[in-house]
Student: 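Quick one: structure below, then a few questions.
In what follows, chains are A, B, ... by sequence order, proteins preceding strands, each numbered from 1.
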Amino acid sequence: MSIAGEILANAIPGSIALVYPALGELVSERAGVINLGTEGAMLAGALGGIATSIGTGNVWLGVVVAVLCGAATGSVHATAVVLRRANQLASGLVVWFLALGVTSVLGASDNGQVVSLLGAVAVPGLSSIPVVGPVLFDQNLLVYLGYVLVPATWWFIHYTRGGLVLRATGERPAVVFAGGHKPLRVRFLAVCAGSAIAGLGGAQLALGIVGNWSNGMTNGYGFVAVAVVIFARWNPFGVLLGSYVFGVALAISSVVQAHGIATNQYLLDALPYCVTVVVLVAVSSVGRSNAPESQRDALSETS
Amino acid sequence: MTSERLVLTRSRAWDVARSAHRAVSWTRVGIVAGAYVLCLVAFAAFAAWRGANPLTLIPTMLQSSLLEPSALAQTLLRAVPIGFAALAVAVPARAGLVNVGGEGQLIIGAVAGAGVGIAVGAHVPGVVGVLLTVTAGTLAGGLWAAISGMLKVAFGAAESVTTLLMNFIANDIMLFLIYQPWKDPNGSGQPQSRPLAASIRLQPLLGTGVTLAVVLLVVVTVGLWFVIRRTGWGFALRVVGGNPMAAMRNGLPTRRLSLSAMTVGGALAGLGGVLNLIGVEGQLRPDLTATFGYVGFLACFLGRNDPIRVALAAILFSAIALSGNGMQISEGLDGSIVNVLLGAIVLTMLTVGRRTKEALT
């Protein structure tokens, strides 16, 4: 396989580790809450997944615990932001710091212990498609779940009753209230659900890619997720594309280095962020943003 | 309206304002104080659960951050980047702008300072070298933040998001430089920049352990307090932040004011970054800022945008961050546990403190 092909292939697992937190962020932002605590939810998911796998030897139990840990982390942000009307950006950072501290302390005993990674499962038929088959369909099950979750989220948001209420809560909470729903409850649940999905991203990172725990191992994925959602203009399919762009940028260095070529990939690493800034500027200057309306207030709270 | 009635109205308004100010609810004070105590107790319980002695915990933390002279000096030195990053949030906040980019502005300040510092080396007298380095860092931080400011005033791009994204770009720029062009050939393969000449490094003042950087933080804090409260620019920022429409209708140059607030904020963080470089670090390395920018954001929050309170919050957070060393050494806990305390304090403030204005049924 050519180097380019190898990069495109290696980018898949990392991209999926980014798809989860970005989808989670999208759900939360669609309800009008920006969640910088996504990074914390991922960390909690990663540690929960690893620790459970080590403790029980069951990787899939680890994945379930990762989801629960993510949701628990999200509930802190939801409580502060939805029930106490706290500043969303500050609360998100607080949740990140809390998760960073708690996971570092609780994970101290799991440091350096290696767990067996989730095995790759070839999809019969699809994996024998030339070129793309082995790349896309010879991955672990969490990657496939990521594939499914993207259209599922899109369908949920656009074509279900619940999705309509979610979107409306992000745009005009008062209308949702008038329609007989409870916008605060919707927001609370959306933040928790989004963080639970981010926890899955932590599981994919810890159990699907890395295979051990180290402090702060998510390394900014949760913040990248925020960027991806903007890049995607709050569309789940855009999230898939955006995550892949970031994933490719992250994969280039490791692949090129594996071929013995000394590189300095850091300027390349900055490129996706630059692209996201450009997209944000383009979207804002057109004056018609897809950003949920009530999120605008949240982004300009100074106290 | 006759002048007599006007005076009457005014004095009534004054009375109302004063009585509102005087009406401190002691129940409320009790609740808030109780919440902070609970927050400390919860932290001690968490530490105890992980094997620390809850009785020696607080003394250990105080010992390793405030009580020993050398520890206190470390706390004050570390308060410099955190404090400047926090002030960098406070100034734009006056104009209603959210600067989440302290981290990146600290980094860019340090990078520009390192670039100039390495270039001039020991060719110029120490004072000139320091001045050039500090100026470069301050300007770079200001320009870096001005990018986000420009994108805001010209295109309406949310500055809270662009500043956050720019943090990662800044970090990648620094990593690019220290992995290749500026790499230290004597660094035994470690990714770090060439060290600055000793003449550019700040020396401890009169055997106190603190450098001029700490003095500068105090001076700038007080200066900002004055500028924000007592100058036309400070007042104009508050008007823009409080009611942009009113500011515009009154002929204030709102865009220029927003941009200037953002630039000054970035310059402050850039200054903090370069002072941290020449005062403590001496060379660029990965994790140079170690989340100081984000801690600064929270410090600004705890200090509610008032420069003096913000600087005090920064010193508190610096002390908390340093107390991690003590907990690691004497209590055998992971040093990151201090992030729990830091988060818990701000979470307490966020949930118990006053609510924000956002209206929601």
Student: Distance check, rounded to the nearest 0.5 Å: B/T291 atom OG1 versus A/L100 atom CG?
Tutor: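 That separation rounds to 7.5 Å.
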Student: Do B/F46 and A/L106 have side-chain heavy atoms sitting under 4.5 Å apart?
Tutor: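 Answer yes - side chains close enough.
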Student: So for B/V295, is it side chain, backbone, both, or neither that comes closer than 4.5 Å to the heavy atoms of chain A?
Tutor: both
Student: Is the number of heavy atoms from other residues, nucleotides or ligands under 6.0 Å of A/M217 CE greater than 12?
Tutor: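 Atom CE in A/M217 is crowded, with more than 12 foreign heavy atoms closer than 6.0 Å.
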Student: Return the option, out of A/V226, A/T79, A/V94, A/V76, with the maximum number of heavy-atom pairs under 4.5 Å with chain B.
Tutor: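 Counting heavy-atom pairs under 4.5 Å, the top option is A/V94.
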Student: Within a strict 4.5 Å, meaning less than it, do heavy atoms of the B/S160 and A/L89 side chains meet?
Tutor: yes
Student: Could you work out, with salt bridge (charged side-chain N to carboxylate O under 4.0 Å, His left out) as the rule, every residue matching B/D306, not counting sequence neighbours?
Tutor: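 Salt bridge (charged side-chain N to carboxylate O under 4.0 Å, His left out) check on B/D306 returns B/R229, B/R309.
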Student: Does any non-hydrogen side-chain atom of A/L93 lie less than 4.5 Å from one of B/F297?
Tutor: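 Heavy-atom side-chain distance check passes, below 4.5 Å.
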Student: Pick one of side chain, backbone, both or neither for B/L165, based on which atoms fall under 4.5 Å of a heavy atom in chain A.
Tutor: both
Student: For the NZ atom on B/K183, are there more than 12 heavy atoms of other groups (residues, nucleotides or ligands in this structure) within a distance under 6.0 Å?
Tutor: yes
Student: Report which part of B/L298 has an atom under 4.5 Å of a heavy atom belonging to chain A: side chain, backbone, both, or neither.
Tutor: side chain
Student: Supply the atom-to-atom distance A/R84 CZ to B/L347 CG, rounded to the nearest 0.5 angstrom.
Tutor: 11.0 Å
Student: Taking atom CZ of A/F97 and atom OH of B/Y294, what is their separation to the nearest 0.5 Å?
Tutor: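 Answer rounded to 0.5 Å: 9.0 Å.
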Student: Heavy-atom pairs under 4.5 Å with chain A: which of B/T162, B/L341, B/L151 has the most?
Tutor: B/L151
Student: Only pairs of heavy atoms separated by less than 4.5 Å count here; which of B/V89, B/V100, B/I169 has the most with chain A?
Tutor: B/I169
Student: If you draw a 6.0 Å radius around OH in A/Y266, do more than 12 non-hydrogen atoms from other residues or ligands fall strictly inside?
Tutor: yes
Student: Give, for atom CG of A/L83 and atom OG1 of B/T351, the distance between the pair rounded to the nearest 0.5 Å.
Tutor: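 One gets 10.5 Å once the value is rounded to the nearest 0.5 Å.
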Student: Is it the case that over 12 heavy atoms from other parts of the model lie below 6.0 angstrom from the CZ atom of B/R285?
Tutor: yes
Student: If you round to the nearest 0.5 Å, how far is CZ of A/F223 from CG of B/L164?
Tutor: 6.5 Å
Student: Look only at the side chain of B/D334 and the backbone of A/V105, and say whether a donor-acceptor pair between them is shorter than 3.5 Å.
Tutor: no
Student: Testing the basics here: between B/L350 and A/A90, what is the closest heavy-atom pair and its distance to 0.1 Å?
Tutor: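 B/L350 and A/A90 have their closest heavy atoms at CD1-C, 4.0 Å.
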Student: Which of the residues A/A270, A/G220, A/G107 is involved in the greatest number of heavy-atom pairs with chain B at under 4.5 angstrom?
Tutor: A/A270
Student: Less than 4.5 Å apart, side chain to side chain, heavy atoms only: is that true for B/N339 and A/L98?
Tutor: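 Sidechains of A/L98 and B/N339: no contact.
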Student: Who in residues 273-281 of chain A is close to chain B, using a strict under-4.5 Å heavy-atom cut-off?
Tutor: A/Y273, A/C274, A/T276, A/V277, A/L280, A/V281
Student: Would you find more than 12 non-hydrogen atoms of other residues, nucleotides or ligands less than 6.0 Å from B/R50 atom CZ?
Tutor: yes
